[in-house]
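To start, the structure itself, in C-alpha coordinates.
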Amino acid sequence: MLQITKKVSLQKYNTFALPSTAEYFCSVSSQAELSEALAWGKKHKQSIIILGAGSNVLLVGDLAGLVVHISILGIELTSQKEDDLVIKVGAGENWHQLVLKTLEMGWNGLENLSLIPGCVGAAPIQNIGAYGVELSERFDSLEVTHKATGDVRRMDLSDCQFGYRDSFFKQSGQDEYIITAVSFRLSAKPDICIEYPALKQALMKLHTQLQMKHGQSFHEILTPKMISDIVSSIRRSKLPDPAIIPNAGSFFKNPVISLEAETALKKEYPDITSYDLYNGNMKIAAGYLIEKAGWKGFQRNGVGVHDQQALVLVNLGGSGYELLSLASDIQASVLEKFGIALEIEPRVYQ
Ligand code: FAD
Ligand code: EPU
(Lines give C-alpha, C1' and ligand atoms only; values in the text may rest on other atoms or scores of the structure.)
(Ligands and ions follow the chains in the order given, each with its own letter.)
Protein backbone atom coordinates (compact mmCIF):
# COMPACT_ATOMS: atom_id res chain seq x y z
CA MET A 1 0.00 0.00 0.00
CA LEU A 2 1.31 3.42 -1.02
CA GLN A 3 2.50 5.58 1.87
CA ILE A 4 1.62 9.27 1.64
CA THR A 5 3.23 11.48 4.27
CA LYS A 6 2.24 15.00 5.28
CA LYS A 7 4.74 17.89 5.58
CA VAL A 8 7.99 16.36 4.31
CA SER A 9 11.21 18.37 4.07
CA LEU A 10 12.62 18.35 0.52
CA GLN A 11 16.06 19.60 1.59
CA LYS A 12 17.68 16.25 0.82
CA TYR A 13 15.58 15.88 -2.36
CA ASN A 14 17.09 18.91 -4.16
CA THR A 15 20.77 19.50 -4.95
CA PHE A 16 20.51 23.22 -4.03
CA ALA A 17 19.65 21.85 -0.53
CA LEU A 18 16.87 24.44 -0.20
CA PRO A 19 14.60 23.97 2.82
CA SER A 20 11.31 23.59 0.97
CA THR A 21 8.48 21.48 2.42
CA ALA A 22 6.08 19.27 0.44
CA GLU A 23 2.49 19.45 1.68
CA TYR A 24 2.18 15.72 0.85
CA PHE A 25 4.93 13.35 -0.33
CA CYS A 26 5.22 9.80 -1.62
CA SER A 27 7.77 7.68 -3.44
CA VAL A 28 6.50 5.33 -6.16
CA SER A 29 8.42 2.26 -7.30
CA SER A 30 5.93 0.77 -9.78
CA GLN A 31 3.27 1.71 -12.31
CA ALA A 32 0.63 0.44 -9.86
CA GLU A 33 1.89 2.74 -7.09
CA LEU A 34 1.96 5.65 -9.52
CA SER A 35 -1.70 4.97 -10.43
CA GLU A 36 -2.54 4.87 -6.72
CA ALA A 37 -0.80 8.24 -6.18
CA LEU A 38 -2.68 9.81 -9.10
CA ALA A 39 -6.01 8.44 -7.82
CA TRP A 40 -5.25 9.84 -4.34
CA GLY A 41 -4.49 13.27 -5.85
CA LYS A 42 -7.79 13.22 -7.76
CA LYS A 43 -9.79 12.10 -4.74
CA HIS A 44 -8.28 14.75 -2.43
CA LYS A 45 -8.15 17.46 -5.13
CA GLN A 46 -4.38 17.83 -4.77
CA SER A 47 -2.09 18.82 -7.64
CA ILE A 48 0.80 16.48 -8.49
CA ILE A 49 4.45 17.55 -8.78
CA ILE A 50 7.01 15.02 -10.01
CA LEU A 51 10.50 14.91 -8.55
CA GLY A 52 13.50 12.84 -9.59
CA ALA A 53 16.82 13.59 -7.87
CA GLY A 54 16.06 17.32 -7.67
CA SER A 55 19.24 18.33 -9.55
CA ASN A 56 17.50 20.69 -11.97
CA VAL A 57 14.96 22.46 -9.76
CA LEU A 58 14.97 25.68 -7.77
CA LEU A 59 12.51 25.38 -4.90
CA VAL A 60 11.89 28.98 -3.89
CA GLY A 61 8.99 28.23 -1.56
CA ASP A 62 7.06 25.26 -0.15
CA LEU A 63 5.29 22.92 -2.60
CA ALA A 64 1.51 22.62 -2.32
CA GLY A 65 -0.16 19.33 -3.31
CA LEU A 66 1.39 15.88 -3.60
CA VAL A 67 5.07 15.58 -4.52
CA VAL A 68 5.64 12.20 -6.21
CA HIS A 69 9.23 10.98 -6.13
CA ILE A 70 9.83 8.52 -8.98
CA SER A 71 11.83 5.45 -7.97
CA ILE A 72 10.80 2.92 -10.63
CA LEU A 73 13.85 0.70 -11.30
CA GLY A 74 14.98 -1.82 -13.93
CA ILE A 75 17.41 -2.12 -16.85
CA GLU A 76 16.44 -4.55 -19.60
CA LEU A 77 17.91 -5.45 -23.00
CA THR A 78 14.81 -5.38 -25.22
CA SER A 79 16.30 -6.05 -28.65
CA GLN A 80 19.62 -6.79 -30.31
CA LYS A 81 20.33 -7.11 -34.02
CA GLU A 82 24.03 -7.60 -34.74
CA ASP A 83 25.75 -4.59 -33.07
CA ASP A 84 22.60 -2.48 -32.59
CA LEU A 85 20.73 -2.87 -29.36
CA VAL A 86 17.91 -1.23 -27.44
CA ILE A 87 17.65 -1.09 -23.65
CA LYS A 88 14.64 -0.07 -21.58
CA VAL A 89 15.36 1.67 -18.28
CA GLY A 90 13.08 2.51 -15.33
CA ALA A 91 12.65 6.26 -14.73
CA GLY A 92 14.00 6.03 -11.17
CA GLU A 93 17.40 4.59 -12.13
CA ASN A 94 20.36 6.86 -11.35
CA TRP A 95 21.71 8.32 -14.61
CA HIS A 96 25.44 7.94 -13.95
CA GLN A 97 25.04 4.41 -12.55
CA LEU A 98 23.20 3.56 -15.78
CA VAL A 99 26.09 4.93 -17.86
CA LEU A 100 28.59 2.80 -15.87
CA LYS A 101 26.40 -0.29 -16.11
CA THR A 102 26.00 0.04 -19.91
CA LEU A 103 29.76 0.41 -20.37
CA GLU A 104 30.35 -2.65 -18.17
CA MET A 105 27.96 -4.60 -20.43
CA GLY A 106 29.74 -3.41 -23.58
CA TRP A 107 26.70 -1.32 -24.61
CA ASN A 108 28.30 1.87 -25.94
CA GLY A 109 27.00 5.36 -26.60
CA LEU A 110 26.31 7.05 -23.27
CA GLU A 111 29.97 7.59 -22.29
CA ASN A 112 30.07 11.36 -23.02
CA LEU A 113 27.10 11.81 -20.70
CA SER A 114 28.97 10.44 -17.67
CA LEU A 115 28.55 11.96 -14.21
CA ILE A 116 25.43 14.01 -14.98
CA PRO A 117 23.38 13.91 -11.77
CA GLY A 118 19.73 12.91 -11.70
CA CYS A 119 17.36 10.13 -12.66
CA VAL A 120 16.75 8.54 -16.05
CA GLY A 121 13.12 9.75 -16.17
CA ALA A 122 14.17 13.41 -16.01
CA ALA A 123 16.87 13.10 -18.69
CA PRO A 124 14.47 13.60 -21.65
CA ILE A 125 12.80 16.64 -20.01
CA GLN A 126 15.65 18.97 -20.98
CA ASN A 127 17.33 16.52 -23.39
CA ILE A 128 20.46 16.32 -21.25
CA GLY A 129 23.69 16.95 -23.07
CA ALA A 130 27.41 17.17 -22.42
CA TYR A 131 30.78 16.90 -24.13
CA GLY A 132 29.37 16.79 -27.65
CA VAL A 133 26.44 14.37 -27.21
CA GLU A 134 22.76 14.92 -26.43
CA LEU A 135 20.35 12.30 -25.11
CA SER A 136 18.25 12.65 -28.31
CA GLU A 137 21.13 11.08 -30.29
CA ARG A 138 20.87 7.85 -28.26
CA PHE A 139 17.10 7.90 -27.79
CA ASP A 140 14.66 5.24 -28.94
CA SER A 141 11.35 5.96 -27.17
CA LEU A 142 9.79 6.47 -23.76
CA GLU A 143 6.72 5.51 -21.77
CA VAL A 144 4.50 8.07 -20.12
CA THR A 145 1.45 8.15 -17.92
CA HIS A 146 -0.93 11.03 -18.50
CA LYS A 147 -1.39 12.83 -15.18
CA ALA A 148 -5.05 13.72 -15.61
CA THR A 149 -6.40 10.50 -17.19
CA GLY A 150 -3.87 7.87 -16.07
CA ASP A 151 -3.55 6.71 -19.70
CA VAL A 152 -0.25 5.03 -20.58
CA ARG A 153 1.39 5.60 -23.97
CA ARG A 154 4.66 5.28 -25.85
CA MET A 155 6.32 8.33 -27.41
CA ASP A 156 9.00 8.22 -30.09
CA LEU A 157 11.71 10.66 -31.17
CA SER A 158 9.43 12.94 -33.19
CA ASP A 159 6.80 13.09 -30.40
CA CYS A 160 9.41 14.34 -27.94
CA GLN A 161 10.46 17.38 -30.06
CA PHE A 162 13.96 17.49 -28.62
CA GLY A 163 16.08 20.63 -28.93
CA TYR A 164 19.01 22.15 -27.07
CA ARG A 165 17.99 21.80 -23.38
CA ASP A 166 14.43 21.52 -24.62
CA SER A 167 11.64 19.04 -25.37
CA PHE A 168 7.87 18.68 -25.68
CA PHE A 169 7.90 18.20 -21.87
CA LYS A 170 9.18 21.76 -21.34
CA GLN A 171 6.77 23.22 -23.91
CA SER A 172 3.15 22.23 -24.63
CA GLY A 173 3.49 18.98 -22.66
CA GLN A 174 4.80 20.65 -19.48
CA ASP A 175 3.42 19.04 -16.30
CA GLU A 176 1.01 16.85 -18.32
CA TYR A 177 2.94 13.57 -18.36
CA ILE A 178 4.99 11.37 -16.07
CA ILE A 179 7.86 9.51 -17.71
CA THR A 180 8.05 5.97 -16.31
CA ALA A 181 10.68 4.38 -18.61
CA VAL A 182 13.13 5.45 -21.32
CA SER A 183 14.57 3.26 -24.09
CA PHE A 184 17.98 3.94 -25.61
CA ARG A 185 19.63 2.83 -28.87
CA LEU A 186 23.18 1.74 -28.09
CA SER A 187 25.83 -0.23 -29.91
CA ALA A 188 28.10 -3.16 -29.17
CA LYS A 189 30.58 -1.50 -31.53
CA PRO A 190 32.35 1.54 -30.02
CA ASP A 191 32.08 4.79 -31.98
CA ILE A 192 33.73 7.42 -29.84
CA CYS A 193 32.91 11.10 -30.11
CA ILE A 194 35.78 13.43 -29.15
CA GLU A 195 35.01 16.68 -30.97
CA TYR A 196 33.97 18.80 -27.94
CA PRO A 197 36.78 21.38 -27.39
CA ALA A 198 37.37 20.72 -23.66
CA LEU A 199 37.50 16.97 -24.33
CA LYS A 200 39.94 17.40 -27.21
CA GLN A 201 42.15 19.63 -25.05
CA ALA A 202 42.21 17.03 -22.25
CA LEU A 203 43.15 14.32 -24.77
CA MET A 204 46.02 16.41 -26.16
CA LYS A 205 47.38 16.71 -22.61
CA LEU A 206 47.05 12.93 -22.11
CA HIS A 207 48.86 12.24 -25.39
CA THR A 208 52.12 11.14 -23.79
CA GLN A 209 50.44 9.23 -20.96
CA LEU A 210 48.45 7.21 -23.50
CA GLN A 211 51.76 5.99 -25.03
CA MET A 212 50.44 6.40 -28.57
CA LYS A 213 52.60 5.06 -31.33
CA HIS A 214 53.56 7.27 -34.26
CA GLY A 215 50.63 7.63 -36.68
CA GLN A 216 48.10 6.10 -34.26
CA SER A 217 44.83 8.04 -33.87
CA PHE A 218 42.77 8.57 -30.73
CA HIS A 219 40.01 6.50 -32.34
CA GLU A 220 42.32 3.48 -32.44
CA ILE A 221 43.42 3.70 -28.82
CA LEU A 222 40.51 5.10 -26.79
CA THR A 223 37.71 2.94 -25.40
CA PRO A 224 34.27 4.27 -24.38
CA LYS A 225 35.20 3.55 -20.74
CA MET A 226 38.30 5.77 -21.15
CA ILE A 227 36.09 8.56 -22.56
CA SER A 228 33.78 8.15 -19.56
CA ASP A 229 36.74 8.44 -17.17
CA ILE A 230 38.17 11.49 -18.96
CA VAL A 231 34.78 13.28 -19.10
CA SER A 232 34.26 12.49 -15.39
CA SER A 233 37.63 13.93 -14.50
CA ILE A 234 37.05 17.16 -16.51
CA ARG A 235 33.65 17.52 -14.83
CA ARG A 236 35.13 17.00 -11.35
CA SER A 237 37.72 19.74 -12.02
CA LYS A 238 35.11 22.33 -13.07
CA LEU A 239 31.78 21.61 -11.47
CA PRO A 240 31.15 21.75 -7.73
CA ASP A 241 29.97 18.50 -6.12
CA PRO A 242 26.41 19.26 -4.91
CA ALA A 243 27.03 17.14 -1.79
CA ILE A 244 29.69 19.69 -0.76
CA ILE A 245 28.57 22.93 -2.46
CA PRO A 246 24.84 22.80 -3.26
CA ASN A 247 24.07 23.73 -6.90
CA ALA A 248 21.99 22.69 -9.92
CA GLY A 249 24.68 22.66 -12.61
CA SER A 250 24.41 25.39 -15.26
CA PHE A 251 21.94 27.99 -14.03
CA PHE A 252 21.45 29.52 -17.47
CA LYS A 253 21.25 28.05 -20.98
CA ASN A 254 23.93 29.01 -23.46
CA PRO A 255 22.23 31.70 -25.58
CA VAL A 256 21.71 31.18 -29.30
CA ILE A 257 22.34 34.24 -31.50
CA SER A 258 22.61 34.89 -35.24
CA LEU A 259 25.90 34.42 -37.07
CA GLU A 260 25.97 38.19 -37.80
CA ALA A 261 25.53 39.05 -34.12
CA GLU A 262 28.27 36.56 -33.20
CA THR A 263 30.65 38.02 -35.80
CA ALA A 264 30.09 41.50 -34.34
CA LEU A 265 30.62 40.20 -30.79
CA LYS A 266 33.84 38.41 -31.81
CA LYS A 267 35.30 41.70 -33.09
CA GLU A 268 35.17 43.10 -29.58
CA TYR A 269 35.77 39.80 -27.74
CA PRO A 270 37.97 37.65 -30.03
CA ASP A 271 38.44 34.94 -27.35
CA ILE A 272 34.71 34.29 -26.83
CA THR A 273 33.73 30.60 -27.14
CA SER A 274 30.93 29.87 -29.61
CA TYR A 275 29.59 26.78 -31.37
CA ASP A 276 28.22 26.67 -34.91
CA LEU A 277 24.71 25.22 -35.01
CA TYR A 278 24.91 25.03 -38.84
CA ASN A 279 21.55 26.77 -39.28
CA GLY A 280 22.77 30.38 -39.41
CA ASN A 281 22.89 30.55 -35.61
CA MET A 282 25.68 30.30 -33.06
CA LYS A 283 25.57 29.11 -29.43
CA ILE A 284 27.59 31.39 -27.14
CA ALA A 285 29.25 30.26 -23.87
CA ALA A 286 27.16 32.01 -21.21
CA GLY A 287 29.93 31.32 -18.68
CA TYR A 288 32.18 33.65 -20.69
CA LEU A 289 29.57 36.45 -20.71
CA ILE A 290 28.96 36.13 -16.96
CA GLU A 291 32.70 36.05 -16.21
CA LYS A 292 33.38 39.10 -18.43
CA ALA A 293 30.51 40.94 -16.72
CA GLY A 294 32.52 40.48 -13.48
CA TRP A 295 30.40 37.94 -11.60
CA LYS A 296 32.75 34.92 -11.35
CA GLY A 297 33.33 34.11 -7.66
CA PHE A 298 30.87 36.80 -6.52
CA GLN A 299 29.00 36.09 -3.26
CA ARG A 300 26.22 37.79 -1.33
CA ASN A 301 23.59 36.83 1.26
CA GLY A 302 24.58 33.16 1.30
CA VAL A 303 24.52 32.58 -2.45
CA GLY A 304 27.12 33.05 -5.18
CA VAL A 305 28.66 32.36 -8.57
CA HIS A 306 31.07 29.41 -8.61
CA ASP A 307 34.71 30.50 -8.85
CA GLN A 308 35.65 27.75 -11.36
CA GLN A 309 32.56 27.95 -13.62
CA ALA A 310 30.61 31.21 -13.83
CA LEU A 311 27.54 29.44 -15.27
CA VAL A 312 26.95 27.66 -11.95
CA LEU A 313 25.18 29.42 -9.08
CA VAL A 314 25.82 27.99 -5.63
CA ASN A 315 23.89 27.97 -2.38
CA LEU A 316 26.17 28.67 0.58
CA GLY A 317 23.36 28.80 3.14
CA GLY A 318 21.10 31.37 1.48
CA SER A 319 17.61 30.97 0.06
CA GLY A 320 15.81 30.30 -3.22
CA TYR A 321 14.70 33.90 -3.21
CA GLU A 322 18.36 35.10 -2.96
CA LEU A 323 19.37 32.77 -5.82
CA LEU A 324 16.61 34.19 -8.02
CA SER A 325 17.56 37.75 -7.07
CA LEU A 326 21.24 37.11 -7.94
CA ALA A 327 20.20 35.45 -11.22
CA SER A 328 18.09 38.47 -12.09
CA ASP A 329 21.01 40.89 -11.47
CA ILE A 330 23.31 38.71 -13.61
CA GLN A 331 20.73 38.66 -16.42
CA ALA A 332 20.39 42.46 -16.27
CA SER A 333 24.15 43.06 -16.35
CA VAL A 334 24.79 40.59 -19.24
CA LEU A 335 21.93 42.18 -21.18
CA GLU A 336 23.36 45.65 -20.59
CA LYS A 337 26.96 44.69 -21.49
CA PHE A 338 26.35 42.32 -24.43
CA GLY A 339 22.71 42.88 -25.44
CA ILE A 340 22.08 39.14 -24.82
CA ALA A 341 19.23 37.76 -22.69
CA LEU A 342 20.07 34.74 -20.53
CA GLU A 343 17.38 32.14 -19.93
CA ILE A 344 17.25 30.19 -16.65
CA GLU A 345 17.81 26.45 -17.14
CA PRO A 346 16.46 24.72 -13.97
CA ARG A 347 12.71 24.54 -13.32
CA VAL A 348 11.76 27.25 -10.83
CA TYR A 349 8.95 26.46 -8.35
CA GLN A 350 7.68 29.51 -6.45
P1 FAD B 1 14.62 16.85 -11.17
O2 FAD B 1 15.46 18.02 -10.79
O3 FAD B 1 14.06 16.03 -10.06
O4 FAD B 1 13.45 17.33 -12.11
C5 FAD B 1 13.67 18.28 -13.13
C6 FAD B 1 12.32 18.54 -13.83
O7 FAD B 1 11.90 17.35 -14.50
C8 FAD B 1 11.21 18.89 -12.85
O9 FAD B 1 10.38 19.84 -13.46
C10 FAD B 1 10.45 17.57 -12.67
O11 FAD B 1 9.08 17.75 -12.40
C12 FAD B 1 10.63 16.92 -14.02
N13 FAD B 1 10.71 15.44 -13.93
C14 FAD B 1 11.64 14.71 -13.26
N15 FAD B 1 11.42 13.40 -13.42
C16 FAD B 1 10.32 13.29 -14.20
C17 FAD B 1 9.58 12.19 -14.72
N18 FAD B 1 9.94 10.92 -14.47
N19 FAD B 1 8.48 12.45 -15.47
C20 FAD B 1 8.11 13.74 -15.73
N21 FAD B 1 8.75 14.82 -15.27
C22 FAD B 1 9.85 14.59 -14.51
N23 FAD B 1 22.28 18.70 -17.27
C24 FAD B 1 22.73 18.51 -18.52
O25 FAD B 1 21.95 18.44 -19.48
N26 FAD B 1 24.07 18.39 -18.78
C27 FAD B 1 24.98 18.45 -17.80
O28 FAD B 1 26.19 18.33 -18.08
C29 FAD B 1 24.53 18.65 -16.48
N30 FAD B 1 25.43 18.75 -15.46
C31 FAD B 1 24.99 18.97 -14.19
C32 FAD B 1 25.94 19.06 -13.17
C33 FAD B 1 25.53 19.27 -11.86
C34 FAD B 1 26.58 19.37 -10.77
C35 FAD B 1 24.16 19.36 -11.56
C36 FAD B 1 23.71 19.55 -10.14
C37 FAD B 1 23.21 19.29 -12.57
C38 FAD B 1 23.62 19.09 -13.90
N39 FAD B 1 22.70 19.00 -14.96
C40 FAD B 1 23.14 18.78 -16.24
C41 FAD B 1 21.25 19.17 -14.71
C42 FAD B 1 20.55 17.86 -14.23
O43 FAD B 1 21.47 16.94 -13.79
C44 FAD B 1 19.70 17.22 -15.34
O45 FAD B 1 18.74 18.13 -15.82
C46 FAD B 1 18.97 15.95 -14.84
O47 FAD B 1 18.39 15.28 -15.93
C48 FAD B 1 17.89 16.27 -13.81
O49 FAD B 1 17.46 15.03 -13.25
P50 FAD B 1 16.69 14.96 -11.87
O51 FAD B 1 16.23 13.56 -11.66
O52 FAD B 1 17.50 15.53 -10.78
O53 FAD B 1 15.43 15.91 -12.19
N1 EPU C 1 33.72 29.84 -19.87
C2 EPU C 1 34.29 30.99 -19.38
N3 EPU C 1 34.19 31.21 -18.05
C4 EPU C 1 33.57 30.36 -17.19
C5 EPU C 1 32.99 29.20 -17.70
C6 EPU C 1 33.09 28.95 -19.07
O7 EPU C 1 34.85 31.78 -20.11
O8 EPU C 1 33.55 30.64 -15.99
C9 EPU C 1 33.83 29.57 -21.33
C10 EPU C 1 35.19 28.93 -21.69
O11 EPU C 1 35.62 29.54 -22.87
C12 EPU C 1 34.83 27.47 -21.97
C13 EPU C 1 33.40 27.60 -22.49
O14 EPU C 1 32.84 28.66 -21.74
O15 EPU C 1 35.67 26.93 -22.96
C16 EPU C 1 32.57 26.35 -22.32
O17 EPU C 1 32.63 25.92 -20.97
P18 EPU C 1 32.27 24.41 -20.57
O19 EPU C 1 32.98 23.46 -21.47
O20 EPU C 1 32.46 24.26 -19.11
O21 EPU C 1 30.74 24.30 -20.94
P22 EPU C 1 29.52 25.27 -20.72
O23 EPU C 1 29.09 25.78 -22.05
O24 EPU C 1 29.77 26.26 -19.66
C25 EPU C 1 27.80 23.36 -21.15
C26 EPU C 1 26.57 22.80 -20.50
C27 EPU C 1 26.96 21.89 -19.35
C28 EPU C 1 27.81 20.75 -19.89
C29 EPU C 1 29.06 21.34 -20.56
C30 EPU C 1 29.88 20.29 -21.24
C31 EPU C 1 24.77 24.35 -20.86
C32 EPU C 1 23.87 25.39 -20.28
N33 EPU C 1 25.70 23.85 -20.05
O34 EPU C 1 28.42 24.20 -20.19
O35 EPU C 1 25.76 21.33 -18.81
O36 EPU C 1 28.20 19.87 -18.87
O37 EPU C 1 28.65 22.29 -21.57
O38 EPU C 1 29.24 19.87 -22.39
O39 EPU C 1 24.62 24.01 -22.03
C40 EPU C 1 24.04 21.74 -17.20
O41 EPU C 1 23.24 21.83 -18.15
O42 EPU C 1 23.66 21.82 -16.01
C43 EPU C 1 25.47 21.54 -17.47
C44 EPU C 1 26.39 21.50 -16.52
Side-chain angles (χ1 to χ4, degrees), residues 10 13-16 28 34 48-59 63 67-72 90-96 112-135 142-145 147 164-165 167 169-170 173-182 196-199 201 231 234-243 245-255 269 271-275 283-292 295-297 305-312 314 342-349:
L10 297 175
Y13 289 98
N14 75 97
T15 61
F16 262 132
V28 300
L34 177 59
I48 306 281
I49 292 181
I50 303 299
L51 202 57
S55 66
N56 214 28
V57 291
L58 175 63
L59 307 179
L63 295 185
V67 172
V68 179
H69 177 245
I70 304 292
S71 49
I72 300 171
E93 289 285 348
N94 172 276
W95 177 266
H96 181 59
N112 293 55
L113 300 171
S114 294
L115 219 61
I116 298 181
C119 296
V120 166
I125 303 287
Q126 73 157 3
N127 182 24
I128 57 167
Y131 295 89
V133 173
E134 285 185 345
L135 168 127
L142 51 77
E143 275 174 26
V144 288
T145 299
K147 253 193 205 175
Y164 163 61
R165 297 294 188 272
S167 75
F169 304 102
K170 284 186 83 175
Q174 179 153 306
D175 294 335
E176 297 264 311
Y177 295 93
I178 300 156
I179 297 172
T180 52
V182 186
Y196 190 81
L199 182 52
Q201 268 167 26
V231 164
I234 302 172
R235 294 182 66 97
R236 284 194 188 97
S237 72
K238 284 191 192 178
L239 294 166
D241 178 352
I245 307 177
N247 73 91
S250 300
F251 199 84
F252 302 99
K253 288 189 191 182
N254 284 329
Y269 301 97
D271 60 338
I272 196 165
T273 304
S274 54
Y275 310 93
K283 192 160 77 179
I284 303 289
Y288 178 96
L289 305 176
I290 298 169
E291 180 174 346
K292 281 283 180 267
W295 292 99
K296 199 167 181 169
V305 179
H306 188 50
D307 55 7
Q308 300 296 312
Q309 209 333 340
L311 199 45
V312 177
V314 292
L342 293 181
E343 192 186 329
I344 291 179
E345 188 201 87
R347 177 75 189 272
V348 178
Y349 292 93

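Counting from 1, the numbers follow the sequence of the chain as shown. When a ligand or atom number is given, it counts from 1 through the structure's own listing order.
Counting the atoms of ligand 1 from 1 in the order shown, those under 4.0 Å from a heavy atom of Ala130 are 28 (O). Every atom of ligand 1 with a heavy atom of Gly118 under 4.0 Å away is listed here by number and element: 49 (O), 50 (P), 51 (O), 52 (O). Atoms of ligand 1 lying under 4.0 Å from any heavy atom of Cys119, numbered from 1 in the order shown and given with element: 49 (O), 50 (P), 51 (O). Counting the atoms of ligand 1 from 1 in the order shown, those under 4.0 Å from a heavy atom of Arg235 are 27 (C), 28 (O), 29 (C), 30 (N), 31 (C), 32 (C). Residue Ala248 approaches ligand 1 through these ligand atoms, each under 4.0 Å from one of its heavy atoms: 35 (C), 36 (C), 37 (C). Atoms of ligand 1 found under 4.0 Å from any heavy atom of Gly121 (numbered from 1 in listed order, with element): 16 (C), 17 (C), 18 (N).
Residues meeting the side chain to side chain contact (heavy atoms under 4.5 Å, CB included) test with Glu143, sequence neighbours left out: Lys88, Thr180, Ala181. Take Ala53 and apply the side chain to side chain contact (heavy atoms under 4.5 Å, CB included) test, not counting sequence neighbours, and it matches Cys119. Residues passing the side chain to side chain contact (heavy atoms under 4.5 Å, CB included) test with Asn56 are Gln126, Glu345, Pro346, sequence neighbours excluded.
Among protein heavy atoms, atom 2 (O) of ligand 1 sits closest to Asn56 N, 2.8 Å. Of the protein's non-hydrogen atoms, Val57 CG1, 4.0 Å is the one closest to atom 4 (O) of ligand 1. Summary of contacts: the protein heavy atom closest to atom 26 (N) of ligand 1 is Gly129 O, 2.8 Å. Taking atom 11 (O) of ligand 1 as the reference point, the nearest protein heavy-atom neighbour is Ile50 O, 2.6 Å. Counting protein heavy atoms only, atom 45 (O) of ligand 1 is closest to Gln126 NE2, 3.0 Å. Closest protein heavy atom to atom 42 (C) of ligand 1: Ser55 OG, 3.3 Å.
Taken to the nearest 0.5 Å, the CZ atom of Phe251 stands 10.5 Å off from the CG atom of Leu311. Summarising the geometry, atom CD1 belonging to Ile50 is positioned 4.5 Å from atom CD1 belonging to Ile70; distances are rounded to the nearest 0.5 Å.
Sorted by chain then number, the residues whose non-hydrogen atoms approach ligand 2 to under 4.0 Å are Ala130, Tyr131, Tyr164, Arg165, Tyr196, Arg235, Lys238, Gly249, Ser250, Phe252, Lys253, Asn254, Thr273, Tyr275, Ala285, Gly287, Tyr288, Glu291, Lys296, Gln309, Ala310, Leu311, Glu345.
Heavy-atom distances between Tyr177 and ligand 1 reach below 4.0 Å in at least one pair. Ligand 1 has at least one atom lying under 4.0 Å from a heavy atom of Tyr349.
Annotation: cation-pi geometry satisfied between Lys283 and Tyr164 (NZ/CZ under 6.0 angstrom from ring centroid, within 45° of ring axis).
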